[in-house]
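Structure first, then comments.
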Amino acid sequence: MNKPQLLIARDVYPAVVEKLEQVFEVETTPEGVVWTPAQLIERLQGKDAVLTSGSERIDAGLLQACPQLKIVANLAVGYNNFDLSAMTAAGVLGTNAPGVLTETTADFGFALLMATARRVTESEHFLRAGRWKQWSLSLFTGADVHGSTLGILGMGRIGQAIARRGAHGFGMRVIYHNRSQLDAATEEACRASYVSQDELLSQADHLVLVLPYSPDVYHLIDAGALAKMKPGATLINIARGGIVDEDALAAALREGRLAAAGLDVFEGEPAVNPSLLSLSNVVLTPHIASASVPTRLAMVMLAADNLLAFFLEGKALTPVNPEVLKNSG
Ligand code: 8YV
């Protein structure tokens, strides 16, 4: 029997390619290459499956142009690159990579929070530029992390992991807002209290955004929301860039209404809004929250295991539209 045809749409680890080659006819993507939407469609001709990074848009147009496609396996936990209703309507299964990156991403959220509150990158740039002439009492004074109020918007796995770090490691008061309140045992484990979105904005010394992205939350943090934030607070975004109105954020940072921001994600990434680039009180990183060596391997392996489970056993480990499996089974 012919092997199913698979495109791996980004350069991934050789060990994963080798594993997949046992079952699939694999087309790989050279290092550094990111297919345009038109190139992706071209590459997907005759393909049954694709392993995606999470930034390739899978919409009705692509599905129509690639009728043989049966499964799209994201190596990311976020799947806002999927038009899920179009995929379900076309009978195409989507899978994501939850769980394997939770702790690594929470570590990074905390690293960004600390770097932002304690002005780590700003002071390093100052030092490297040869501008450090003497120690002084107020040199790069920032905000405390320990004992402050940590606000978390989006209390899924990663939000909870950040809450545990804040409460247990740094003695922070943790408040959160989420679509639904967590059960009492989970709140207790995270030592976190549920508040309204406005209470979260007005009470948090450090606000971390960890909510999944959908068009409903586009520019949720706009000028109005930023104006509700506690004066001198810091904002950390490790979710998706589109959640924040970057021009409004740059204005709040420029005017000193917010002390600082730490951003790992951007609306037009990899392009970064020039108004953010020109500010010194913002820590900017290139979407690396899940980027530890073992976690990146685990993310790709989970995507690969989803592809293998689908073709070998007719199921998936982490489907996002499982109704497709039920309908085909
Ligand atoms: C990925 C992420 O690195 O998993 C996610 O949703 O944002 C990151 O961990 C990124 O999406 C890869 O495209």
Side-chain angles (χ1 to χ4, degrees), residues 7-13 28-44 50-59 61-62 72-83 96-97 101 104-105 107-109 111-113 115-116 120-122 124-125 154 158 208-215 217-222 235-251 253 260-293 295-297 299-300 303:
L7 172 70
I8 303 180
R10 288 293 182 103
D11 181 39
V12 300
Y13 306 106
T28 55
T29 295
E31 195 183 340
V33 170
V34 178
W35 303 119
T36 64
Q39 288 171 330
L40 184 63
I41 288 177
E42 202 179 304
R43 296 278 147 185
L44 283 176
V50 59
L51 193 160
T52 45
S53 74
S55 56
E56 301 79 0
R57 183 87 192 129
I58 308 296
D59 58 15
L62 179 140
V72 184
N74 255 0
L75 63 83
V77 65
Y79 51 93
N80 52 295
N81 58 319
F82 292 171
D83 178 338
N96 68 340
L101 46 64
T104 297
T105 303
D107 282 349
F108 190 82
L112 200 50
L113 192 166
T116 302
V120 173
T121 58
E122 186 186 358
E124 193 201 347
H125 293 156
I158 300 169
V208 183
L209 309 179
V210 217
L211 62 165
Y213 185 75
S214 71
V217 296
Y218 175 75
H219 286 193
L220 179 71
I221 304 299
D222 59 6
L235 177 72
I236 308 300
N237 189 5
I238 56 167
R240 288 291 180 266
I243 297 168
V244 175
D245 178 341
E246 291 169 347
D247 288 325
L249 174 62
L253 290 165
L263 308 173
D264 186 49
V265 287
F266 305 90
E267 190 171 340
E269 64 183 58
V272 178
N273 187 322
S275 58
L276 292 171
L277 285 171
S278 66
L279 292 167
S280 57
N281 55 344
V282 53
V283 179
L284 305 165
T285 52
H287 202 148
I288 56 167
S290 64
S292 76
V293 176
T295 292
R296 282 287 165 85
L297 180 59
M299 291 161 68
V300 193

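Source: prediction; values computed, not measured. Side-chain atoms are counted along with the backbone in the values below, which use heavy atoms only and exclude waters and symmetry mates. Counting from 1, the numbers follow the sequence of the chain as shown.
- Put simply, the side chain of L220 reaches to within 4.5 Å of the side chain of L211, judged on heavy atoms.
- Residues S290 and T295 approach most closely at O-CG2, 3.5 Å, considering heavy atoms.
- Here E42 pairs with nothing under the salt bridge (Lys or Arg N to Asp or Glu O under 4.0 Å) rule; sequence neighbours left out.
- Between Y218 and E267 there is a side-chain heavy-atom pair separated by less than 4.5 Å.
- Once rounded to the nearest 0.5 Å, the distance linking CG of L253 with CG of L276 reads 7.5 Å.
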Checking D264 against I288 for the side chain to side chain contact (heavy atoms under 4.5 Å, CB included) test, could you report, in this order, the C-alpha distance in whole Å, the side-chain angles of both residues, the deciding distance, and whether it holds? CA-CA 7 Å; D264 186 49; I288 56 167; 3.7 Å; yes

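- Among residues two or more places apart in sequence or in another chain, the salt bridge (Lys or Arg N to Asp or Glu O under 4.0 Å) test is passed with D83 by none.
- Annotation for Y213 and G242: closest pair CE1-C, 3.8 Å, computed over non-hydrogen atoms.
- F266 pairs with exactly one of N273, N237, V244, L284 by the side-chain contact (heavy atoms from CB on, under 4.5 Å) rule, that one being L284.
- By the 4.5 Å heavy-atom criterion applied to side chains, L263 and V272 are not counted as neighbours.
- Scanning for salt bridge (Lys or Arg N to Asp or Glu O under 4.0 Å) contacts around R43 gives E27, with sequence neighbours left out.
- Across all their heavy atoms, V50 and A9 have their closest contact at CG2-CB, 4.1 Å.
- In this structure, L279 and V282 approach most closely via the heavy-atom pair O-CG1, 3.6 Å.
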Could you go through the side chain to side chain contact (heavy atoms under 4.5 Å, CB included) check for N96 and F82 one step at a time? CA-CA 10 Å; N96 68 340; F82 292 171; 5.7 Å; no

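- When atom types are taken as modelled, the side chain of Q39 and the backbone of P37 share no donor-acceptor pair closer than 3.5 angstrom.
- Side chain of S278 to backbone of S275: a donor-acceptor contact under 3.5 angstrom is found.
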Derivation and outcome, side chain to side chain contact (heavy atoms under 4.5 Å, CB included), residues L40 and L7: CA-CA 9 Å; L40 184 63; L7 172 70; 3.8 Å; yes

Does the pair V283 and L112 meet the rule for a side chain to side chain contact (heavy atoms under 4.5 Å, CB included), with working shown? CA-CA 7 Å; V283 179; L112 200 50; 3.7 Å; yes

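- If you check the side chains of S55 and R10, you find a donor sitting under 3.5 Å from an acceptor.
- To the nearest 0.5 Å, atoms CG (L51) and CG (L75) are separated by 6.0 Å.
- Rounded to the nearest 0.5 angstrom, I158 CD1 and T105 OG1 are separated by 4.5 Å.
- Note that CE of M299 and OG of S53 are 9.0 Å apart. Values are rounded to the nearest 0.5 Å.
- Here the NE2-CD distance, from H219 to E246, works out to 6.5 Å after rounding to the nearest 0.5 Å.
- Between L113 atom CG and F108 atom CZ the span is 11.5 Å, to the nearest 0.5 Å.
- A pairwise comparison of heavy atoms in D11 and E31 identifies OD2-CG, 3.3 Å as the closest pair.
- In this structure, the side chain of T29 engages the main chain of I8 through a donor-acceptor pair within 3.5 Å.
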